[in-house]
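In what follows, residues are counted from 1 in the order of the sequence shown.
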Amino acid sequence: MYGNGPAGVNFRPPGCVLEGVDQPSTHDAEFVRALYARYGRSVLGRVLRLANGDYQRAEDIVQETFLRAWQHRDSLDADRAGPWLHTVAHNLVVSAYRRAQARPPEAELPEDGLPDGSEAELDRMLERWQLADAMRELRPEHREALIEVYYLRRTVAEAAEHLGVPQGTVKSRCYYGLRALRNVLEEKGVASP
């Protein structure tokens with residue numbers, strides 16, 4: 001985080017430029033600082049109450065509130081912005097609550113770890129994901145041959161017919177594809193040399 005803004009709000013230091021982001025004028029930054037100095041504590045206090053004391057969530061909502069104030073700086077009057085800020089903060093809390101309610105409830109893990117067999121299933125899923133990722137790095141002709149022979153369980157003759165190449169080419173592509181696959185997995189640290 002940058003700077004030492006009041007009550008945990010951090011501002012970028014002067015001269016810090018973020019590429020691809022509109023740079024606020026000094027007047028705009030001063031406007032937001034003045035708003036925060038005047039209303040920051042009351043907005044944070046209200047959001048803390050609405051967020052049941054979750055300070056981190058409250059800070060995020062207050063930050064989003066003052067970001068929206070900056071986005072609407074042309075239509076806001078600093079002397080009358082309090083009600084607008086409190087309304088925006090309240091609406092953000094309600095929206096966050098609704099998003100949380102729309103998600104399925106998170107399941108608690110048992111004290112003794114994962115249920116029987118689920119750790120092995122997770123390992124299998126991870127291995128499949130790593131293998132699929134490694135397969136994407138193979139040359140297309142090697143990947144096609146390996147898929148035909150090992151995943152679709154076709155014979156070399158069936159794979160050759162399906163791919164439209166001689167049987168010897170399928171065997172060669174499988175051999176070199178497996179070597180390339182092993183090398184990719186070793187580079188990723190999945191397989192040992």
Open item on the list: Quick one, Leu146 and Met135 - any side-chain contact, counting heavy atoms below 4.5 Å?
Closed with: yes
Task: Shared hydrophobic cluster, Val156 / Tyr150 (ILVMFWY, side-chain heavy atoms < 4.5 Å) - done: yes
- [ ] Output yes when a side-chain donor or acceptor of His162 lies under 3.5 Å from a complementary backbone atom of Glu158, and no otherwise.
- [x] no
Task: Distance in Å, Asp60 CG paired with Tyr55 OH, rounded so as to fall on 0.5 Å steps - done: 11.5 Å
Open item on the list: Check Arg124 with Glu127, please: is the shortest side-chain N to carboxylate O separation under 4.0 Å?
Closed with: no
Open item on the list: Any non-hydrogen side-chain atom of Leu131 less than 4.5 Å from a side-chain atom of Leu185?
Closed with: yes
Task: Pairwise side-chain contact, Tyr36 with Val43, heavy-atom cut-off 4.5 Å (strictly under) - done: no
TODO: Taking all non-hydrogen atoms of both residues into account, name the closest pair between Ala145 and Leu163 and its distance.
DONE: CA-CD1, 4.1 Å
TODO: Determine which pairs satisfy salt bridge (charged side-chain N to carboxylate O under 4.0 Å, His left out) with at least one residue from residues 134-148, sequence neighbours left out, and list them in order.
DONE: Asp133-Arg136, Glu137-Lys188, Arg139-Glu141, Glu148-Arg154
Task: Listed once per pair and sorted, the side-chain hydrogen bond (donor to acceptor under 3.5 Å, both in side chains) pairs that draw on residues 79-98, sequence neighbours left out - done: Arg38-Asp79, Ser42-His86, Asp77-Arg80
- [ ] Could you grab the distance from atom OG1 of Thr65 to atom CG of Leu92, nearest 0.5 Å is fine?
- [x] 4.5 Å
Task: Straight-line distance of Leu67 CG to Ile61 CD1, nearest 0.5 Å - done: 13.5 Å
Open item on the list: I'd like to know whether Arg128 forms a salt bridge (Lys or Arg N to Asp or Glu O under 4.0 Å) with Glu121, so could you lay out the CA-CA distance, the side-chain angles of the two residues, the decisive distance to 0.1 Å, and finally the verdict.
Closed with: CA-CA 11 Å; Arg128 279 181 264 170; Glu121 179 61 28; 3.4 Å; yes
- [ ] Taking all heavy atoms of Glu59 and all of Leu44, pick out the closest pair and write down the distance.
- [x] N-CD1, 4.3 Å
TODO: Taking the side chain as every heavy atom from C-beta outward, state whether Leu35 and Trp70 have any atom pair closer than 4.5 Å.
DONE: no
- [ ] Would you kindly confirm whether Val165 and Leu152 end up in one hydrophobic cluster when ILVMFWY residues are joined by side chain heavy atoms under 4.5 Å apart?
- [x] yes
- [ ] Might you confirm whether atom CD of Gln71 has over 12 heavy atoms from other residues, nucleotides or ligands at distances under 6.0 Å?
- [x] yes
Open item on the list: Let me check something: do Leu181 and Tyr151 share a hydrophobic cluster, defined by ILVMFWY side-chain heavy atoms less than 4.5 Å apart, either directly or through other members?
Closed with: yes
For residues 172-180, dump all side-chain donor-acceptor pairs below 3.5 Å to protein atoms at least two apart in sequence or in another chain.
none

